[in-house]
K.L.:
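First, the structure itself, so that you have it in front of you.
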Amino acid sequence: PVDNSLDKMSPVEKRELLARLLAEKAVQQSGQPQHKVSPPDEFPMSAGQQGLWYAFQRDPEATVYNVYLPSRFKSAIDLEALKQTLEQLVQRHTALRTVFGESDSNRQPVQRVQPSLPPEFQVIENPDADDSAVEKIVLAETQRPFDLTRGPLFRVTAIRIAVDDVVVIATTHHIVVDFWSLVLMMDEIRAMYPAIASGSDHSLALPPNNYHEFVRQQSELIDSDRGNQMSNHWARQLSEVPSMIDLVNDFDRPPKFTNRAKTLPIEFTPGAGAKFAHLARKLNVTPNVVLITMVKVLIGRFAGQDRFSIGMPFSGRSQREFEKTVGFFVNLLPITADLSSNPTFEDLVRIVGDKMVDALANESFPFSEIVRQNASTRDPSRHPLFQVMCTIEKSHLVSERGRASFLLGDGRVFDDFAGMRQEGFPVERSTCEHDVEFVFEFDRTDLRGMIIYCRDLFDVDTVQSMATQFVSLADHFLDQPHS
């Protein structure tokens with residue numbers, strides 16, 4: 001039960017849980033009493049959505065915020081049943097049938113839930129096509145822009161190579177989903193598809209569809225005393241570090257960030273994940289904290305800087321009522337680093353652990369507000385506040401653990417996805433938001449990772465050196481954390 005679960009937590013995990021509970025209580029107390037009402041057809045955008053809306057207005061053809069999941073089914077698949085499954089999925093979740101625009105009354109950004117907005121679904125017959133030909137089709141699908149004002153913002157293309165060989169690429173826009181949402185969607189597809197294919201009804205409960213409530217709570221939090229405390233926390237953190245990381249570029253930085261990316265895998269030794277977990281238990285932190293600390297050490301060495309910030313995405317779902325809601329909740333936060341005292345790795349891990357707990361306690365404050373209040377000048381050639389990101393993907397549902405491997409270009413096989421054999425279909429990531437982004441996933445005893453980098457700033461040899469040094473650092477500090 002609960003007591004046993006708490007006993008198994010490390011001190012940092014217990015503090016993280018306490019931070020989330022306190023954040024949830026703070027949000028509840030920041031505004032008016034909650035009222036359960038039917039989801040409105042039109043309501044304001046969240047702070048994060050507004051940022052993506054303004055980016056769309058600046059460049060409607062940009063695809064940097066396209067979110068996609070390519071996979072390959074090596075089993076016979078009923079594509080008509082899949083189409084019906086996706087249509088029901090969209091009908092269940094208001095976020096997937098939402099479009100965006102401005103209010104007729106005050107011209108403020110709003111989102112409008114449509115009564116019906118079926119996903120775009122197409123089947124391409126391409127018998128006996130080789131992987132390179134299929135990959136071209138998949139890449140073209142990932143780079144097709146969405147019209148946020150008209151929708152639909154969810155599309156699926158199935159490329160049928162043979163009866164038992166179908167590549168499916170699902171693409172949506174970040175303004176309506178995050179990784180947590182993708183996991184929810186995959187879990188529902190897993191449950192609905194077999195029922196629809198067999199002509200029976202599924203037994204899924206209705207989702208909450210309460211994103212409008214999240215928007216309301218976020219707006220009230222920003223103007224509350226608790227919001228002011230959170231704002232001051234991030235101002236203090238950022239006052240201690242410069243807003244730029246001076247990584248040495250191989251090419252002159254263009255006057256405007258190009259978003260053009262390439263990717264490079266990080267090849268960890270087998271069993272690296274277990275070693276991270278072992279050191280984390282020894283230091284009473286989570287494996288994520290150990291991994292983030294190593295990223296900070298690597299960036300400090302490459303940049304020749306002691307103080308800087310690294311961006312990290314937080315779920316933004318500190319309220320349990322949003323755990324089953326599809327929508328754009330994720331919130332980027334600047335996690336500062338200070339290596340000036342030359343601490344041992346063990347000591348640095350503990351410092352980073354404390355910073356992560358503090359970040360969790362203040363994760364509800366929108367990144368757009370942090371930028372507005374702390375980035376006095378804006379440089380279109382770089383991301384504000386930080387230029388390096390670190391993302392550690394982990395499904396909150398056990399059935400979907402390892403799903404991030406599809407995004408990492410891994411060929412992992414899911415032997416039983418709705419009764420079908422499913423595996424990844426690796427494709428090149430061609431867009432980025434930051435100079436460098438590290439993406440990781442712990443999977444059982446292993447650790448997978450990749451570096452997404454701006455190809456107009458760095459040569460592949462530089463990034464390969466970065467990946468090689470990161471693996472060397474990991475091997476060294478996992479064996480000698482006191483150094």
K.L.:
For R448, is there any backbone N or O sitting under 3.5 Å from a side-chain donor or acceptor partner on E441?
P.N.:
no
K.L.:
Report yes or no: do H202 and E188 form a side-chain donor-acceptor pair below 3.5 Å?
P.N.:
no
K.L.:
Does the ring center of F257 lie less than 6.0 Å from the ring center of H383?
P.N.:
no
K.L.:
Quick test of your reading of the model: are E323 and R317 salt-bridged, counting only N-O distances below 4.0 Å?
P.N.:
no
K.L.:
Any salt bridge between K256 and D379, counting N to O under 4.0 Å?
P.N.:
no
K.L.:
Would you say R429's side chain and T431's backbone share a donor-acceptor pair under 3.5 angstrom?
P.N.:
yes
K.L.:
Taking the side chain as C-beta and beyond, is there a heavy-atom pair between I169 and T142 under 4.5 Å?
P.N.:
yes
K.L.:
I would like to know whether F302 and F470 meet ring-ring contact (aromatic ring centres under 6.0 Å, His included); could you show each step before the answer?
P.N.:
CA-CA 11 Å; F302 262 81; F470 189 82; over 10 Å; no
K.L.:
When you check the gap from the basic side-chain N to the acidic O, do D165 and K74 get nearer than 4.0 Å?
P.N.:
yes
K.L.:
Is any side-chain heavy atom of E102 closer than 4.5 Å to one of Q108?
P.N.:
no
K.L.:
Has R150 got more than 12 heavy atoms of other residues, nucleotides or ligands less than 6.0 Å from its CZ?
P.N.:
no
K.L.:
Is it true that, when you exclude D147 itself, more than 12 heavy atoms of the residues, nucleotides or ligands shown sit nearer than 6.0 Å to its CG?
P.N.:
yes
K.L.:
Just how far is it from atom CG of L333 to atom CG of D358, taken to the nearest 0.5 Å?
P.N.:
12.0 Å
K.L.:
Does Q111 use its side chain to pair, donor to acceptor, with the backbone of P44 at less than 3.5 Å?
P.N.:
yes
K.L.:
Is atom NZ of K262 surrounded by more than 12 heavy atoms (other residues, nucleotides or ligands) closer than 6.0 Å?
P.N.:
no
K.L.:
Is the side chain of T63 donor-acceptor paired with the backbone N or O of P145 at a distance under 3.5 Å, no angle test?
P.N.:
no
K.L.:
Look at K136 together with D130 and state whether they make a salt bridge at an N to O cut-off of under 4.0 Å.
P.N.:
no
K.L.:
Take atom CG of D252 as the centre, draw a 6.0 Å sphere, and report whether it contains more than 12 heavy atoms from other residues, nucleotides or ligands.
P.N.:
no
K.L.:
Can you tell which of I452, T391, V388, I310 makes a side chain to side chain contact (heavy atoms under 4.5 Å, CB included) with F438?
P.N.:
V388
K.L.:
Roughly how far, to the nearest 0.5 Å, is CD of E141 from CG of N66?
P.N.:
10.0 Å
K.L.:
Would Q373 and S231 count as having a side-chain donor-acceptor pair, cut-off 3.5 Å?
P.N.:
yes
K.L.:
Do T468 side-chain atoms and Q464 backbone N/O form a donor-acceptor pair below 3.5 Å?
P.N.:
yes
K.L.:
So, for Q91 and R97, which heavy atoms are closest and what is the spacing to 0.1 Å?
P.N.:
O-NH2, 3.1 Å
K.L.:
Pair E120, V156 - check side chain to side chain contact (heavy atoms under 4.5 Å, CB included), show working.
P.N.:
CA-CA 6 Å; E120 179 185 321; V156 173; over 6 Å; no
K.L.:
Considering non-hydrogen atoms only, spot the tightest contact between V176 and A95 and give its length.
P.N.:
CG1-O, 3.3 Å
K.L.:
For T336 and K355, run side chain to side chain contact (heavy atoms under 4.5 Å, CB included): C-alpha distance rounded to whole Å, both residues' side-chain angles, the deciding distance at 0.1 Å, then the answer.
P.N.:
CA-CA 8 Å; T336 58; K355 283 192 174 292; 3.1 Å; yes
K.L.:
Please examine the side chains of V168 and F425, heavy atoms only from C-beta on, and report whether any two atoms are closer than 4.5 Å.
P.N.:
no
K.L.:
Could you pull out the closest heavy-atom pair between W234 and N362, with the gap in Å?
P.N.:
NE1-O, 3.1 Å
K.L.:
Is a side-chain donor or acceptor of Q114 paired with a backbone partner of R112 at a separation under 3.5 angstrom?
P.N.:
yes
K.L.:
What is the distance from atom CD of Q218 to atom CD of E369, rounded to the nearest 0.5 Å?
P.N.:
8.5 Å
K.L.:
Quick one: sort the F146 and H173 rings into parallel, tilted or perpendicular, breaks at 30° and 60°.
P.N.:
perpendicular
K.L.:
Stepwise, does the side chain to side chain donor-acceptor pair (under 3.5 Å) test hold for S75 with D164?
P.N.:
CA-CA 4 Å; S75 303; D164 58 353; over 6 Å; no
K.L.:
Can you confirm whether or not the ring centre of F367 sits under 6.0 Å from the ring centre of F314?
P.N.:
no
K.L.:
Using modelled atom types only, decide if a donor and an acceptor are shared between the side chain of T85 and the backbone of A81 within a distance under 3.5 Å.
P.N.:
yes
K.L.:
Could you tell me if Q217 and E321 have a donor-acceptor pair between their side chains, going purely by distance under 3.5 Å?
P.N.:
yes
K.L.:
Indicate yes or no: at least one non-hydrogen side-chain atom of L182 is less than 4.5 angstrom from one of V67.
P.N.:
yes
K.L.:
Would you call R253 and D456 a salt bridge, using N to O less than 4.0 angstrom?
P.N.:
no
K.L.:
Looking at every heavy atom in both C432 and V64, which two are closest together, and how far apart are they?
P.N.:
O-CG2, 3.3 Å
K.L.:
Parallel under 30°, tilted from 30 to 60°, perpendicular over 60°: which one fits the rings of F322 and F329?
P.N.:
tilted
K.L.:
In Å and rounded to the nearest 0.5 Å, what is the OG1 to CD distance from T98 to E42?
P.N.:
11.0 Å
K.L.:
Within the 4.5 Å heavy-atom criterion, are F328 and V177 side-chain neighbours or not?
P.N.:
no
K.L.:
Would you confirm whether N126, through its side chain, and I161, through its main-chain N or O, come within 3.5 Å as a donor-acceptor pair?
P.N.:
no
K.L.:
Just do the side chain to side chain donor-acceptor pair (under 3.5 Å) check on E363 and S318 with the steps written out, would you?
P.N.:
CA-CA 8 Å; E363 72 164 311; S318 58; 5.0 Å; no
K.L.:
Indicate yes or no: does R160 engage E125 in a salt bridge with an N to O separation below 4.0 Å.
P.N.:
yes
K.L.:
How far does CG of L457 sit from CG of D435, to the nearest 0.5 angstrom?
P.N.:
5.0 Å
K.L.:
Answer whether the closest heavy-atom distance between the side chains of M186 and L69 falls below 4.5 Å.
P.N.:
yes
K.L.:
Please report the shortest heavy-atom distance between E428 and T263, naming the atom on each side.
P.N.:
OE2-N, 3.0 Å
K.L.:
Would the distance check show the side chain of Y68 and the main-chain N or O of L139 forming a donor-acceptor pair, the cut-off being under 3.5 Å?
P.N.:
no
K.L.:
Output, in order, the C-alpha distance, side-chain angles, deciding distance and verdict of side chain to side chain contact (heavy atoms under 4.5 Å, CB included) for S364 and M230.
P.N.:
CA-CA 8 Å; S364 298; M230 291 181 174; 4.2 Å; yes
K.L.:
With a 4.5 Å heavy-atom cut-off, do Y211 and Q49 have their side chains touching?
P.N.:
yes
K.L.:
Hey, can you tell me if H174 and Y65 have their rings parallel, tilted or perpendicular (30° and 60° cut-offs)?
P.N.:
tilted
K.L.:
Is any side-chain heavy atom of I299 closer than 4.5 Å to a side-chain heavy atom of I245?
P.N.:
yes
K.L.:
Please check this pair: side chain of D187 against backbone of V183, looking for a donor-acceptor N/O pair closer than 3.5 Å.
P.N.:
no
K.L.:
Given side chain to side chain contact (heavy atoms under 4.5 Å, CB included), test V99 with L153 step by step and report yes or no.
P.N.:
CA-CA 8 Å; V99 296; L153 302 184; 5.5 Å; no
K.L.:
Assess whether side chain to side chain donor-acceptor pair (under 3.5 Å) is satisfied between S181 and D178, documenting all intermediate values.
P.N.:
CA-CA 5 Å; S181 299; D178 49 23; 2.8 Å; yes
K.L.:
Enter the distance from H212:NE2 to S46:OG here, rounded to the nearest 0.5 Å.
P.N.:
13.5 Å
K.L.:
Indicate the atoms forming the closest heavy-atom contact of W53 with I175, along with that distance.
P.N.:
N-CD1, 4.2 Å
